[in-house]
Enquirer: 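So that we are looking at the same thing, I have put the structure below in structure tokens.
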Amino acid sequence: MYEIDMNLPKEIVADVLSKHDIDSVAFVGCGASMSELYPAKYFLANNTHKLNVQIFTANEFNYDTPSWLGPNTFVITCSLGGSTPETVEANKTAKAAGAPVVAITHAAGSALTKGVDHVIVHGFEANYAAKTEKMGYAIAVALEILQQTEGYEHYDEMLEGFAHVFECAENAAQSVGKDAEAWAQAHKDDDCIHFLASGASEKVAYSTSLFLMMEMQWINSGNFNSGEYFHGPFELTDDKHNFVLFMADGATRSMDARALTFLQRFDARYLVIDAKDFGLSGCVPASVATYFNPIVHTAVMRVYAEHLADARQHPLTKRRYMWKLTY
């Protein structure tokens with residue numbers, strides 16, 4: 001119920017490596033899917049000693065294709081519904097260059113799955129943990145690329161983490177209902193909410209800001225790396241501005257703590273979603289906990305977003321342009 005199939009990434013990567021001498025890895029997607037690929041990119045880029053690891057929004061990949069794309073590039077694309085035109089086109093861009101492509105999607109048989117080398121179909125509806133499976137599979141693919149190309153000293157700890165992190169995320173999400181409702185009532189009339197995070201969770205702040213807030217709630221929003229907060233955005237900090245801080249349990253926690261201290265110093269309105277509060281490093285080995293933060297943060301924030309949508313009587317599925325216009 002709370003696990004992904006770890007054998008699938010292992011088998012896929014082994015097959016790709018049997019046919020290609022990989023020297024580069026490109027993660028490609030749009031919107032929330034691109035941001036959910038980021039923890040995998042972050043993990044692999046931080047731990048490899050020889051691979052070129054990059055992440056692209058799909059149309060940049062298509063229009064300004066990297067010169068190094070070719071048969072030695074492992075391409076991972078992602079789209080929840082499997083029909084995002086730019087990402088479907090990115091598959092074609094990669095295949096035209098001879099690159100192996102793995103598509104991650106919730107929609108078996110969708111356009112994203114056509115003409116690629118391998119497909120991973122993830123869950124979504126079952127529970128809050130399932131909503132993080134896309135991210136989990138991407139990290140698992142990155143882990144196998146690292147392990148099978150050069151080895152990784154914490155490989156076994158990562159496998160142990162995957163065995164427990166989804167249950168941890170589900171339990172965390174199920175525990176915050178009352179707090180989420182109180183936050184939603186306090187902020188339902190806000191016209192702007194900012195989000196901060198660091199490390200592997202940086203794009204959780206990005207995706208919450210752009211998609212849960214601006215796309216799904218039509219609330220103006222900014223998002224900042226907790227370190228970059230002090231290089232410009234902190235000038236906004238006062239008792240009138242609203243912030244949500246995704247606090248890491250792991251390597252970059254000190255960055256988040258510094259931001260929290262400043263928010264408190266100037267009486268900002270803030271919410272902290274702290275992975276340590278939900279026992280992340282008690283569920284997964286502390287040596288690799290930093291890479292599992294976004295799974296917990298994402299699951300918990302979904303609950304807050306759902307309560308906010310209810311309080312505002314503005315469903316998360318409501319759109320002004322998406323699904324209604326050609327653009």
Side-chain angles (χ1 to χ4, degrees), residues 1-13 26-41 55-59 61 74-92 94-95 100-144 162 165-167 169-170 173 203-204 206-208 210-212 215-216 292 294-303 305-306 309 315-319 322-324:
M1 183 177 181
Y2 298 122
E3 294 183 35
I4 60 174
D5 180 3
M6 294 299 292
N7 285 324
L8 184 56
K10 180 182 291 188
E11 293 167 359
I12 287 172
V13 171
F27 295 93
V28 184
C30 293
S33 289
M34 188 272 287
S35 67
E36 288 172 310
L37 289 171
Y38 181 78
K41 181 266 179 184
I55 191 166
F56 298 88
T57 190
N59 255 357
F61 185 78
F74 199 133
V75 178
I76 299 97
T77 63
C78 185
S79 168
L80 178 65
S83 60
T84 306
E86 299 92 332
T87 313
V88 173
E89 186 63 26
N91 283 347
K92 298 175 184 177
K95 292 308 300 177
V101 178
V102 176
I104 304 175
T105 181
H106 181 47
S110 62
L112 193 76
T113 69
K114 307 303 182 183
V116 300
D117 298 84
H118 294 279
V119 175
I120 295 175
V121 178
H122 63 83
F124 189 78
E125 294 90 357
N127 47 48
Y128 292 104
K131 298 184 192 313
T132 69
E133 284 189 18
K134 183 199 307 182
M135 185 186 300
Y137 271 119
I139 301 170
V141 171
L143 173 65
E144 286 300 332
F162 275 112
V165 70
F166 295 103
E167 183 174 5
E170 181 66 21
K203 294 303 182 186
V204 178
Y206 171 89
S207 62
T208 304
L210 269 66
F211 313 121
L212 288 175
E215 179 186 44
M216 299 183 188
F292 290 105
I295 292 176
V296 173
H297 286 150
T298 297
V300 171
M301 188 63 222
R302 182 75 184 196
V303 180
E306 289 175 355
L316 293 175
T317 54
K318 186 175 181 178
R319 299 290 188 276
M322 190 176 179
W323 306 318
K324 298 179 180 180

Enquirer: So, do L316 and K318 sit near enough that their side-chain heavy atoms are less than 4.5 Å apart?
Expert: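 SC-SC contact between L316 and K318 ruled out.
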Enquirer: Taking all heavy atoms of A173 and all of A299, pick out the closest pair and write down the distance.
Expert: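 It is CB-O, 3.7 Å.
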Enquirer: Has the side chain of T105 got a donor or acceptor atom that lies under 3.5 Å from a matching backbone atom of L80?
Expert: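 It does hold such a pair.
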Enquirer: Could you check K203 against L37 for side chain to side chain contact (heavy atoms under 4.5 Å, CB included), going step by step and ending with a plain yes or no?
Expert: CA-CA 9 Å; K203 294 303 182 186; L37 289 171; over 6 Å; no
Enquirer: State, to 0.1 Å, how close C78 and S33 come at their nearest heavy-atom pair, and which atoms those are.
Expert: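 Shortest heavy-atom separation between C78 and S33 comes out as O-CB, 3.5 Å.
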Enquirer: Taking all heavy atoms of A140 and all of I4, pick out the closest pair and write down the distance.
Expert: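 Smallest heavy-atom distance, with atoms named: CB-CD1, 4.3 Å.
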Enquirer: Apply the test side chain to side chain contact (heavy atoms under 4.5 Å, CB included) to residues F61 and T77: give CA-CA distance (whole Å), side-chain angles for both, the deciding distance (0.1 Å), then the verdict.
Expert: CA-CA 11 Å; F61 185 78; T77 63; over 6 Å; no
Enquirer: Has the side chain of N91 got a donor or acceptor atom that lies under 3.5 Å from a matching backbone atom of L112?
Expert: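 Answer holds: yes.
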Enquirer: Hey, does the side chain of E215 reach the backbone of L210 with a donor-acceptor pair shorter than 3.5 angstrom?
Expert: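 Not at all, since once roles are kept as given, no pair shorter than 3.5 Å links the two residues.
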Enquirer: Does A129 offer a backbone N or O that forms a donor-acceptor pair with the side chain of T132 under 3.5 Å?
Expert: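 Yes: the side chain of T132 pairs with the backbone of A129.
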Enquirer: With no hydrogens and no angle check, is any side-chain donor or acceptor of K134 less than 3.5 Å from a backbone partner on H106?
Expert: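 Judged by distance alone, no pair lies under 3.5 Å.
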Enquirer: So, taking the atom named CZ in R302 and the one named OH in Y128, what distance separates them when rounded to the nearest 0.5 Å?
Expert: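 If I round to the nearest 0.5 Å, the distance is 8.0 Å.
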Enquirer: To the nearest 0.5 Å, how far apart are CE in M135 and CD1 in I104?
Expert: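 One gets 11.5 Å once the value is rounded to the nearest 0.5 Å.
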Enquirer: Between N127 and F166, is a side chain to side chain contact (heavy atoms under 4.5 Å, CB included) present by the stated rule, with each step listed?
Expert: CA-CA 10 Å; N127 47 48; F166 295 103; over 6 Å; no
Enquirer: Can any side-chain N or O of Y206 pair as donor or acceptor with the backbone N or O of F211 at less than 3.5 Å?
Expert: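 Not confirmed, Y206 side chain does not pair with F211 backbone.
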Enquirer: Kindly compute the distance separating CE (M322) from CE (M216), expressed to the nearest 0.5 Å.
Expert: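 Reported to 0.5 Å precision, the distance equals 7.5 Å.
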Enquirer: Minimum heavy-atom separation for P294 to V204, with atom names?
Expert: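 Smallest heavy-atom distance, with atoms named: CB-CG2, 3.7 Å.
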Enquirer: Grab the two heavy atoms, one from A142 and one from F27, that are nearest each other, plus how far apart they are.
Expert: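 Smallest interatomic distance, heavy atoms only, reads CB-CZ, 4.2 Å.
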Enquirer: Taking all non-hydrogen atoms of both residues, which atom of V28 and which atom of A58 are closest, and how far apart?
Expert: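 Result for this residue pair: CG1-CA, 3.7 Å.
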Enquirer: Between the side chain of D117 and the main-chain N/O of V102, is any donor-acceptor distance below 3.5 Å?
Expert: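 Here the side-chain-to-backbone pair does not exist.
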Enquirer: Can a donor-acceptor pair be found, under 3.5 Å and without considering hydrogens, that links the side chain of E133 to the backbone of G123?
Expert: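 Checked: pair present.
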Enquirer: How long is the gap from CG on D5 to CD on E11, to the nearest 0.5 Å?
Expert: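 Reported value, rounded in 0.5 Å steps: 7.0 Å.
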Enquirer: What do the steps show when you test T298 against K131 for side chain to side chain contact (heavy atoms under 4.5 Å, CB included), and what is the final call?
Expert: CA-CA 8 Å; T298 297; K131 298 184 192 313; 5.9 Å; no
Enquirer: Between OG1 of T113 and CD1 of I120, what distance do you get to the nearest 0.5 Å?
Expert: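 Going from the OG1 atom of T113 to the CD1 atom of I120 covers 13.0 Å.
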